[in-house]
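FYI, the numbering just counts along the sequence from 1. Predicted model, so just to flag it, every value in this text is computed and none were measured. First listed ligand is number 1; within each ligand, the first listed atom is number 1.
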Amino acid sequence: MRRQINTWPRRADKLLRSVSPWSPRPPTVVTVVGARPQFVKLAPLSRALRRGLREVLVHTGQHYDHEMSDAFFSELALPAPDRHLGVGSGPHGAMTGRMLEALEAVLVAEAPDMVVVVGDTNSTLAGALAAAKLGLPVAHVEAGLRSFDLRMPEEINRRLTDHLSQLLLCPTPTGVRNLAREGIRRGVHRVGDVMADAVRNWLPRARRRPWAVEGIAPGAYYLATVHRQENVDDPERLGGLLRALSALRHPTLLPLHPRTAQRLEAHGLKPGGLVHLLPPQPYLEMLRLQAEARAVLTDSGGMQKEAYLLGTPCITLRETTEWVETLRGGANRLAGADPRRIARAVAAVEGKRPRWDPRRTYGDGHAAERIAKLIAAAARRRR
Ligand code: UD1
């Protein structure tokens with residue numbers, strides 16, 4: 001009985017749409033995500049989009065372990081995916097191909113007014129390519145970032161996605177300039193960074209959490225992560241990184257990405273010294289751990305930015321960064337994977353703690369609202 005009452009207005013709405021030349025239904029956007037950092041970025045965005053648009057949330061299934069995926073959906077109060085493609089892992093081509101095929105079917109069925117992709121993962125590229133092949137407009141959140149290193153799968157994904165997009169939503173002026181250099185000027189907007197929105201929203205809650213690391217006090221440790229293909233697939237490089245972390249004079253918390261855990265096991269590598277291995281951490285815990293760390297050592301793009309926003313010095317375990325703004329004033333230092341360079345960078349931030357003002361560089365914490373307005377306007381223009 002209850003079911004009948006609930007479904008009637010929806011049926012009436014559908015009937016009305018089929019006979020009416022004007023549509024009371026809000027425009028539909030399909031958002032495509034699949035990997036851990038994308039869930040964080042989508043959380044503020046999805047909330048803003050759903051205020052005026054119908055969002056169909058598609059999870060490609062690139063990340064599938066509970067702590068890499070579901071834990072983020074529940075902690076960030078993300079709506080459950082409307083479609084889960086369950087593609088899982090594999091070589092880049094096979095993974096992207098499976099996504100492309102499954103996404104095409106979803107896009108044909110939903111006929112959205114716009115497809116929204118985020119960041120630089122294989123899920124980003126698959127979403128943009130599937131949409132472009134069907135003639136659907138694409139909005140790219142985090143457009144214009146470049147490491148200028150085409151050996152990185154993420155750099156390939158970023159470039160191709162930007163060149164397939166109609167709405168290019170850049171977090172910084174650097175992004176706008178990078179696009180202009182590649183001849184992309186139309187549809188480009190500087191909107192701020194959705195990760196700054198997420199930090200603004202969730203930091204107070206993260207700080208209220210009880211301290212969860214036994215035997216190590218806040219402020220008495222380094223926080224490290226490594227997961228990039230270039231760092232973990234080569235046993236020598238990964239071994240060098242472990243030696244560098246093992247030589248640090250304070251305890252180092254090292255939450256392990258599944259890729260890194262697999263490589264450590266495959267190469268028979270183990271950290272020594274004061275390194276504590278942890279499982280992948282939930283978002284709020286990670287924010288808290290970054291906020292209280294002496295320094296963050298990472299190859300993650302998102303963590304470079306989060307450390308910057310939280311006022312924690314960062315040492316980037318790569319040769320390049322897309323987040324060049326964080327390098328100013330020594331807030332972030334590039335140290336690659338060489339143990340001596342890493343030791344020097346740690347000594348530098350411990351010797352004279354860098355100071356910087358994290359406000360404004362990545363926006364005012366309202367990027368998601370700006371993005372939602374631009375997407376809504378573009379989607380309505382298509383009707
Ligand atoms: C991907 C993104 C990277 C992003 C990172 C965040 C690409 C090219 N790379 O890299 O930009 O910074 O996500 O985490 O899209 N695995 C599991 N369980 C999972 C997920 C992955 O065991 O839930 C394993 C896979 O089996 C695979 C490895 O981890 O062997 C790598 O996963 P993959 O999604 O290919 O790339 P990431 O390294 O996570």
Side-chain angles (χ1 to χ4, degrees), residues 32-43 58-74 76 81 84-100 103 117-130 140-143 145-147 149-162 194-195 198 224-234 237-238 241 254-267 278-283 286 296 298-307 316-318 320-323:
V32 181
V33 288
R36 186 170 59 173
Q38 293 173 316
F39 310 141
V40 175
K41 294 166 194 172
L42 184 66
V58 180
H59 186 327
T60 61
Q62 178 171 352
H63 286 177
Y64 44 87
D65 285 347
H66 173 80
E67 67 267 30
M68 298 290 286
S69 174
D70 296 0
F72 281 72
F73 275 76
S74 51
L76 299 172
H84 198 296
L85 309 181
V87 298
S89 12
H92 287 279
M95 188 205 286
T96 314
R98 285 201 300 275
M99 288 178 191
L100 198 54
L103 279 164
V117 296
V118 185
D120 57 15
T121 71
N122 291 339
S123 302
T124 314
L125 176 61
L129 193 50
H140 184 202
V141 176
E142 264 191 17
L145 298 180
R146 297 290 181 268
S147 66
D149 179 359
L150 270 172
R151 288 169 304 180
M152 291 177 69
E154 292 83 4
E155 181 74 357
I156 299 170
N157 294 340
R158 285 181 204 118
R159 281 178 190 246
L160 295 176
T161 300
D162 282 340
V194 283
M195 283 189 87
T225 71
V226 272
H227 77 278
R228 293 270 169 202
Q229 191 172 297
E230 77 248 30
N231 275 340
V232 302
D233 285 6
D234 173 1
R237 202 171 158 98
L238 182 57
L241 282 165
L254 179 60
L256 278 190
H257 186 288
R259 175 197 278 275
T260 315
Q262 285 162 9
R263 299 303 188 269
L264 288 182
E265 200 180 319
H267 306 315
L278 302 176
Q281 297 294 300
Y283 175 66
M286 223 36 200
V296 164
T298 189
D299 59 6
S300 150
M303 281 178 61
Q304 292 172 52
K305 211 167 36 185
E306 283 169 345
T316 292
L317 307 171
R318 285 174 45 194
T320 58
T321 181
E322 307 77 52
W323 303 104

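- In this structure, of Thr260, Thr121, Thr96, the residue bringing a heavy atom nearest to atom 2 (C) of ligand 1 is Thr121.
- In terms of protein heavy-atom proximity, atom 35 (O) of ligand 1 is closest to Met95 CE, 3.4 Å.
- Of all protein heavy atoms, the one lying nearest to atom 34 (O) of ligand 1 is Gln62 NE2, 3.1 Å.
- Using cut-offs of 30° and 60° for the angle between ring planes, the Phe72 and Tyr283 rings count as tilted.
- Taking the six-membered ring where the residue is Trp, Phe39 and His59 present tilted rings, their angle falling between 30° and 60°.
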Derivation of the side-chain contact (heavy atoms from CB on, under 4.5 Å) call for Arg159 and Arg146: CA-CA 8 Å; Arg159 281 178 190 246; Arg146 297 290 181 268; 3.7 Å; yes
Worked verdict on Asp149 versus Glu155 for side-chain contact (heavy atoms from CB on, under 4.5 Å): CA-CA 7 Å; Asp149 179 359; Glu155 181 74 357; 5.5 Å; no
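- Gln281 contributes a side-chain N or O that, together with a main-chain N or O of Pro279, makes up a donor-acceptor pair within less than 3.5 Å.
- The single protein non-hydrogen atom nearest to atom 18 (N) of ligand 1 is Asp65 OD2, 2.9 Å, given as residue, atom name and distance.
- With respect to atom 16 (N) of ligand 1, the closest heavy atom belonging to the protein is Tyr64 OH, 3.6 Å.
- Residue contacts with ligand 1 leave out Glu67, since none of its heavy atoms falls under 4.0 Å from the ligand.
- With Val232 as the fixed residue, the side chain to side chain contact (heavy atoms under 4.5 Å, CB included) test singles out one of Gln262, Arg237, Arg259, His257: Arg259.
- At a heavy-atom cutoff of 4.0 Å, ligand 1 is contacted by the side chain of Glu154 but not by its backbone.
- A distance-only check finds no donor-acceptor pair linking the side chain of Gln62 to the backbone of Ala35 [under 3.5 Å].
- If you check each of Thr124, Asn157, Asn122 against atom 15 (O) of ligand 1, the one with the closest non-hydrogen atom is Asn122.
- The N/O atoms of Ser123, backbone and side chain alike, include none that comes under 3.5 Å of an N/O atom in ligand 1.
- Panel note: side chain Glu154, backbone Asp120; no donor-acceptor pair is recorded below 3.5 Å.
- Residue contacts with ligand 1, taken as heavy atom pairs separated by less than 4.0 Å, involve Arg259 via backbone and side-chain atoms alike.
- If you check each of His66, Gln262, His63, Gln38 against atom 13 (O) of ligand 1, the one with the closest non-hydrogen atom is His63.
- Counting heavy atoms under 4.0 Å from ligand 1, residue Gln229 does not touch it at all.
- Protein heavy atom closest to atom 4 (C) of ligand 1, with residue, atom name and distance, is His227 NE2, 3.8 Å.
- Remark: Thr60 pairs with Ser123 by the side-chain hydrogen bond (donor to acceptor under 3.5 Å, both in side chains) rule, at least two apart or across chains.
- In summary, the atoms of ligand 1 found under 4.0 Å from a heavy atom of Asp120, numbered by their order in the structure, are 11 (O).
- Heavy-atom distances between Arg228 and ligand 1 reach below 4.0 Å in at least one pair.
- Only the side chain of Pro37 comes within contact range of ligand 1, with a heavy atom under 4.0 Å; no backbone atom does.
- Protein heavy atom in closest approach to atom 25 (C) of ligand 1: Ser89 OG, 3.3 Å.
- For the pair Glu142 and Lys41, the salt-bridge criterion is met [side-chain N within less than 4.0 Å of a carboxylate O].
- Among residues two or more places apart in sequence or in another chain, the salt bridge (charged side-chain N to carboxylate O under 4.0 Å, His left out) test is passed with Asp299 by none.
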